[in-house]
Amino acid sequence: MAARFNPLEADARWQKVWEEKSTFHASGNGARPRAYVLEMFPYPSGRIHMGHVRNYTMGDVLARYRRMNGFDVLHPMGWDAFGMPAENAAMEKKVHPGEWTWSNIDTMRAQLKRLGFALDWSRELATCDPSYYGHEQALFLDLYEAGLVYRKQSEVNWDPVDMTVLANEQVIDGRGWRSGALVERRKLNQWFLRITEFADELLDGLGALDQWPDKVRLMQENWIGKSQGLRFRFDLAEPVAGEASFEVFTTRPDTIFGASFAAISPDHPIATALAAEDEALAAFVAECKQGGTTAAELETAEKKGFDTGARVVHPLDPTWTLPLYVANFVLMDYGTGAIFGCPAHDQRDLDFARKYGLPVTRVVAPSPEEANEPIGDEAYTGPGRLVNSRSLDGSTAEDAISSVIAQAALGGWGEGTTVWRLRDWGVSRQRYWGTPIPIVHCEACGPVAVPRDQLPVVLPEDIDFAAPGNPLDRHPTWAKVDCPSCGGPARRETDTLDTFVDSSWYFIRFASQPADKPFDKAEAECWLPVDQYIGGVEHAILHLLYARFWTRALNRIGRLDVEEPFKGLFTQGMVTHVTFQDAEGRWLTPEEAESHEGRVTRGRVEKMSKSKRNTVDPEPIVDQYGADAVRWFMLSDSPPERDLEWSEAGIQGSWRFVQRIWRLAAEEAERGGSTWLGDGEDAALDRKVHRTIAAVGANIEALAFNKAVANLYELANALEKAPASPSRSKAVEILIRLAAPMVPHLAEQAWASLGREGLIADAEWPAADPALLVEEEVTIAVQINGKLRDTLTAPKGSTRETLEEMALASDKVTRLLDGKPPRKVIVIPDRLVNLVA
RNA sequence: GCCCCCGUGGCGGAAUUGGUAGACGCGCUCGACUCAAAAUCGAGUUCCGCAAGGAGUGCCGGUUCGACUCCGGCCGGGGGCACCA
């Protein structure tokens with residue numbers, strides 16, 4: 001057995017063996033319990049980065065651990081392969097998006113394989129493959145037929161130079177990120193999925209996801225944004241623009257007697273109608289639309305209004321009228337686009353009222369004494385009882401809410417209702433590199449679904465990226481088809497689907513991939529839900545919400561009897577690295593920083609990014625140290641949910657550890673390997689080994705990889721100090737099995753060198769002997785007044801009396817107590833004795 | 001502005017339901033081996049102090065025999081949402 005572990009040789013050897021034996025193929029034959037371990041599939045951007053390595057290493061440890069525990073593990077890999085970077089590459093490098101994408105996939109697949117992940121490559125898929133997106137088109141049509149897809153006019157960010165729609169993130173300071181042109185708001189016909197119809201169940205379903213981080217559940221809860229309140233009608237004193245009334249929404253109907261104005265959005269139909277006849281109002285509306293949409297601008301934006309001169313009638317007092325304003329802070333797409341203003345108890349309303357000299361009447365007071373306490377610069381939003389509110393006076397705010405809702409229902413002027421922040425999901429993208437929406441537009445028949453036997457609708461290959469805009473739109477023939485319904489001339493939908501649709505069901509396709517349909521219901525249900533899903537927290541809202549929605553939508557139309565796609569979710573931290581800048585503030589790579597002549601500033605430790613020039617390419621690191629050292633480093637030190645700082649010293653430390661395990665194994669191999677096994681002789685070491693078995697298992701189950709790593713270091717330390725014995729030989733073998741999920745190549749090599757049969761990947765996880773988990777002797781802390789003064793060793797399970805006696809007999813204790821008996825003695829068996837003097 | 005999370009050695013971080021703070025790793029110091037270095041091995045490493053001892057988990061206070069852990073109030077860092085009625 002070689003004195004040093006040679007990873008380059010071992011990595012390649014064992015990766016080949018695993019592949020030849022199809023070791024990591026999920027059998028799905030039902031012989032063993034199943035486990036589905038999944039990491040978020042990568043976008044094929046070009047090369048693997050450290051974030052991928054960390055993500056997939058974590059999933060891999062769990063997958064290998066489950067296998068060793070007797071599970072039939074599904075651990076697949078694929079490619080989220082549609083998206084804009086491919087089109088950008090097409091424009092910049094004059095290469096076809098498909099060619100660029102597939103070549104990246106080849107590179108990245110090879111890179112992933114070099115890390116030795118226990119993946120079932122037989123199930124690999126790419127979303128840009130017609131054999132994937134064709135099924136997605138079928139699912140889209142299923143949802144369409146079920147009424148969960150619809151088309152409507154919607155505003156988009158339009159870049160007039162690139163002639164394309166931009167996502168909000170691509171609009172920087174009101175300009176297109178690529179062209180720099182001023183972005184316009186434009187109305188386009190777009191496809192939407194009815195996610196809002198599932199708002200209630202998506203919210204309620206969060207409660208059952210007890211293996212999700214609280215943080216993510218909270219973020220989704222906020223995103224869904226359920227508000228309960230009253231929707232009610234304001235009658236106009238005189239009809240305005242032909243309208244006799246309009247509706248408002250409020251979560252605080254209790255404050256209705258504190259109303260001092262009504263306000264509608266600049267986009268409200270009444271505002272539009274009035275503006276048509278009022279130049280000043282038209283100018284005001286135009287001004288509102290101009291305002292920036294960045295966070296900073298909104299925060300500082302002044303509350304502005306335009307008094308229409310119209311009056312609305314208070315619903316509970318026909319003699320009371322309020323002025324009607326058009327206000328810049330009222331949003332058309334939330335609630336009804338109109339509000340009633342209660343300045344005393346809403347900060348925005350207060351700002352507005354102060355500016356326009358409107359009355360501010362307190363109607364909720366925390367105590368009777370404060371009933372007429374004037375409102376200053378801050379609205380009162382706390383709890384209390386109603387004041388200045390006629391029949392409501394004296395009731396709690398809570399009761400008043402129900403009371404007003406009941407009165408509204410009775411009087412027929414309003415009703416209790418729920419309003420959601422969540423909007424329907426717009427899935428149309430005016431781009432080439434995505435799943436074509438399988439719809440044909442016919443002048444006579446309108447939108448018609450492409451017949452199933454004509455799926456997939458395949459993207460044309462011969463496209464031109466020289467001109468701006470969507471190449472599908474410009475293609476000479478692709479869009480021209482006959483209407484499937486009437487046979488007349490028609491035109492294909494040239495928009496493609498949001499790539500989030502692709503990732504909303506890939507985990508189902510991994511579980512079951514028949515050629516003739518998206519998935520087999522029974523087969524998919526055997527694997528789903530995913531037992532453990534691992535990925536970045538940046539997907540906490542959109543991807544995870546969309547996938548939950550898609551799963552529930554399939555459930556509703558009877559295609560899949562699963563409610564939640566991901567039983568367990570883990571969001572891992574980023575990989576960070578130091579940054580360097582030169583005197584001019586230019587970012588330097590670590591190598592440049594070292595050789596730089598001028599002044600170099602060591603910057604903050606930040607997420608690896610190309611712009612900060614602090615990335616570390618995993619591949620050369622694997623070349624130098626091998627896959628196992630890299631994997632080990634990814635698991636060490638930092639808790640997996642927090643950021644991990646990459647460092648040269650860290651990888652070297654991991655390399656040292658790999659070699660230490662190897663030396664332990666090599667020693668034992670020379671001593672005779674498995675033939676030297678016998679009964680335990682080193683009782684203390686046996687205990688340590690079994691405690692480690694239990695601890696490593698528990699920590700892997702909890703995804704606390706850093707702690708499992710620490711457990712293994714401790715065992716290795718103990719083994720290096722332990723004299724040779726059968727116990728020790730056995731312990732080394734167990735150490736190798738415990739480390740196998742983390743450093744699989746080393747483990748296989750050591751396993752073989754010790755003369756063990758078969759692959760360690762197929763070996764059983766060692767069982768911890770419960771009898772060896774309990775210590776015979778325990779260390780007891782002796783405290784005086786809660787401060788540690790001494791420790792003593794006692795047999796486990798010693799009585800309170802014995803422990804108290806032993807503590808009082810301690811020299812230090814007698815000295816410190818000065819002969820006086822303690823006033824009180826607290827004994828926690830097997831832990832401590834606290835003497836209160 | 002609203003909501004959430006986090007503050008522990010030089011650094012990353014450990015610490016069952018409140019019960020010996022600093023496991024494990026990195027770094028550093030000293031020593032062994034070596035002509036020397038690397039690698040490796042051994043000892044040490046919260047702070048103050050020669051020691052005895054004292055202080056110590058962002059700060060202030062509280063509950064408790066006992067607080068990193070629970071409660072209240074500050075300070076600092078990070079994240080999410082954002083004119084959501």
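Letters A, B, ... are given to chains in the order of the sequence lines, protein chains preceding strands, and every chain is numbered from 1.
- Judged by distance alone, with hydrogens and angles left aside, the side-chain atoms of A/Asp424 form a donor-acceptor pair with the main-chain N or O of A/Ile195 at under 3.5 Å.
- Side-chain N/O atoms of A/Arg252 include none lying less than 4.0 angstrom from OP1 or OP2 on B/rA85.
- For a distance-only test at 3.5 Å, the side chain of A/Lys707 fails to qualify as a donor-acceptor partner of the base of B/rC24.
- Taking atom C1' in both B/rU17 and B/rC70, the straight-line distance is 12 Å, to the nearest Å.
- Contact annotation: A/Arg663 side-chain N/O to B/rC41 OP1/OP2 distance is under 4.0 Å.
- Residue A/Arg656 places at least one side-chain N or O under 4.0 Å from the OP1 or OP2 atom of B/rG27.
- Using a 4.0 Å heavy-atom distance criterion, A/Arg823 is classed as making no nucleic acid contact.
- When the P atom of B/rC3 is taken as reference, atom CD of A/Glu221 falls 13 Å away, rounded to whole Å.
- Across all strands shown, B/rC26 forms a Watson-Crick or G-U wobble pair with B/rG10, both key distances being under 3.5 Å.
- Side-chain rings of A/Phe261 and A/Tyr356 stay apart, their centers remaining 6.0 Å or farther from each other.
- Residue A/Arg423 is in base contact, counting any heavy-atom pair closer than 4.0 Å across all strands shown.
- Comparing B/rC59 with B/rG66, their C1' atoms sit 22 Å apart, to the nearest whole Å.
- Atom CZ in A/Arg642 sits roughly 14 Å away from atom P in B/rC11 (whole-Å rounding).
- In this structure, B/rC65 forms a base pair with B/rG19, meeting either the Watson-Crick or the G-U wobble geometry with both donor-acceptor distances under 3.5 Å.
- Between B/rA39 and B/rC26, the two P atoms lie 12 Å apart (nearest whole Å).
- To the nearest whole angstrom, the two P atoms, one in B/rC84 and one in B/rA14, are 38 Å apart.
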